Amino acid sequence: MLEPGDRLKISEVLEHDGDILFLKLADGRGWCVDREIGHEMCYELDQEVDELWKYSPANGKPIVLRDGPHIDGPKTGNKLNPEEKFKVCEIKAGQHNVLFLKVAGDRGWVFDEKPDQHGETPDGIMCKRILDELWTYEPENGKPISIRKGPELNGAKTSFLMYPNEMFRVEEVEAGEGDDVGVLFLKLADGRGWLLDRHPEQGQLCRRATLEPGSVVTTKDSEGNRIRLQTVEEFKVGAKVQIQSGKADGGGGRRRSWRTRTSSS
């Protein structure tokens with residue numbers, strides 16, 4: 001069993017559908033996953049990474065980046081604005097399961113949550129790692145669907161529509177709860193809102209896209225501009241990929257340090 005805050009040595013990594021990583025523990029105890037749908041659980045520490053994150057504070061205020069991985073450390077002249085996406089090149093762990101994120105481009109450091117003197121985080125998670133998945137809307141009834149304002153089956157709708165066979169990028173996947181159990185809610189990367197992968201009465205609506213090598217498709221951004229997306233030769237979007245990060249038998253491979261944390265919705 002893994003406890004929140006445990007540090008893990010990983011000897012092998014396998015990538016599965018949906019950008020989930022299977023992590024082989026170097027001590028021989030078995031495997032774990034870095035995330036479940038809607039819940040981040042493991043993060044690679046003290047190594048060079050290339051990950052896309054988003055700053056989404058509950059208070060809606062910008063934050064000034066720190067000069068190092070310390071909440072009360074000296075501040076730089078750079079800041080992140082609410083809903084701003086940024087590249088992370090290194091992650092370090094602090095007390096109370098806080099993750100310190102080094103923003104690419106030598107801009108400084110930010111933290112994913114800010115605990116109070118009791119170790120509680122009243123403002124919740126401020127920074128979240130986001131996805132970059134390509135999906136397609138393929139309804140059985142052949143009709144367009146209204147994009148939702150939030151991750152709710154019967155929630156408020158935006159003025160935007162998604163049309164059959166339209167492709168779109170997803171930055172977050174959230175598992176439905178309560179009456180919405182079994183539904184995956186998809187947050188569109190262009191900011192238009194949320195879709196659902198299936199409907200209890202209409203069946204499957206959205207699927208992860210798989211393109212043949214050399215395929216060219218178009219999609220739209222939030223302003224309605226068409227964007228060309230092209231696959232790389234010998235690579236399929238959504239296909240399974242195996243990543244070998246080293247052998248557990250000491251064969252010269254590099255072992256990487258990961259850390260678990262409590263999941264967040």
Side-chain angles (χ1 to χ4, degrees), residues 16-20 33-41 52-61 81-85 112-113 121-210 217-227 229 237-238 261-265:
H16 188 60
D17 289 342
D19 203 29
I20 294 175
V33 294
D34 75 322
R35 72 190 72 186
E36 293 178 348
I37 296 297
H39 301 280
E40 298 282 357
M41 297 190 298
L52 187 62
W53 287 63
K54 177 187 274 190
Y55 173 60
S56 299
N59 61 15
K61 297 180 180 179
N81 293 309
E83 304 308 311
E84 181 176 347
K85 298 176 184 178
D112 71 329
E113 54 187 358
T121 53
D123 294 331
I125 300 294
M126 300 189 300
C127 298
K128 296 180 69 174
R129 183 170 58 185
I130 62 177
L131 305 176
D132 183 18
E133 296 182 349
L134 186 63
W135 287 65
T136 183
Y137 174 57
E138 299 177 349
E140 295 179 1
N141 61 16
K143 298 180 179 179
I145 187 175
S146 295
I147 297 174
R148 272 56 171 177
K149 290 184 177 180
E152 297 177 286
L153 181 62
N154 297 314
K157 300 176 181 179
T158 71
S159 59
F160 299 108
L161 295 176
M162 185 71 67
Y163 293 90
N165 300 318
E166 185 174 345
M167 286 186 167
F168 56 96
R169 290 205 172 275
V170 170
E171 69 175 29
E172 186 176 342
V173 179
E174 185 171 317
E177 299 179 352
D179 295 337
D180 296 337
V181 167
V183 177
L184 296 181
F185 293 98
L186 316 173
K187 187 175 184 180
L188 277 61
D190 58 21
R192 285 183 292 167
W194 295 73
L195 282 180
L196 45 151
D197 76 324
R198 69 186 68 242
H199 191 282
E201 299 176 357
Q202 300 174 19
Q204 189 80 32
L205 299 176
C206 300
R207 304 176 188 275
R208 287 186 177 88
T210 300
V217 299
T218 60
T219 186
K220 296 180 180 180
D221 62 13
S222 59
E223 303 300 325
N225 300 312
R226 299 181 69 81
I227 304 171
L229 303 173
V237 177
R261 67 175 301 150
T262 52
S263 62
S264 59
S265 302

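Worth saying up front: this structure is predicted, and the values here are computed from it rather than measured. Note that these values count all heavy atoms, side chains included, but never hydrogens, waters or copies made by symmetry.
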How far does [atom1] of [X] sit from [atom2] of [Y], to the nearest 0.5 angstrom?
| X | Y | atom1 | atom2 | value |
| --- | --- | --- | --- | --- |
| Y137 | L161 | OH | CG | 9.0 Å |
| S56 | M126 | OG | CE | 11.0 Å |
| Q202 | I145 | CD | CD1 | 6.5 Å |
| W194 | L153 | CH2 | CG | 14.0 Å |
| L188 | F160 | CG | CZ | 10.0 Å |
| E172 | E174 | CD | CD | 6.0 Å |

I'd like to check [X] versus [Y] (side-chain heavy atoms, cut-off strictly below 4.5 Å). Are they in contact?
| X | Y | value |
| --- | --- | --- |
| C206 | L186 | yes |
| L196 | R148 | yes |
| F168 | L195 | yes |
| K54 | E171 | yes |
| D197 | W135 | yes |
| I130 | K85 | yes |
| V173 | E133 | yes |
| E138 | L205 | no |

Please report the closest heavy-atom contact between [X] and [Y], naming both atoms and the distance.
| X | Y | result |
| --- | --- | --- |
| G176 | F185 | CA-CE1, 3.7 Å |
| K143 | N141 | N-OD1, 2.9 Å |
| M167 | A209 | CE-CB, 3.9 Å |
| G60 | P82 | O-CG, 3.2 Å |
| Y55 | C127 | CD1-SG, 3.8 Å |

Task: Residues in side-chain contact (heavy atoms from CB on, under 4.5 Å) contact with D179, at least two apart in sequence or another chain - done: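 Residues passing side-chain contact (heavy atoms from CB on, under 4.5 Å) with D179: none at all.
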
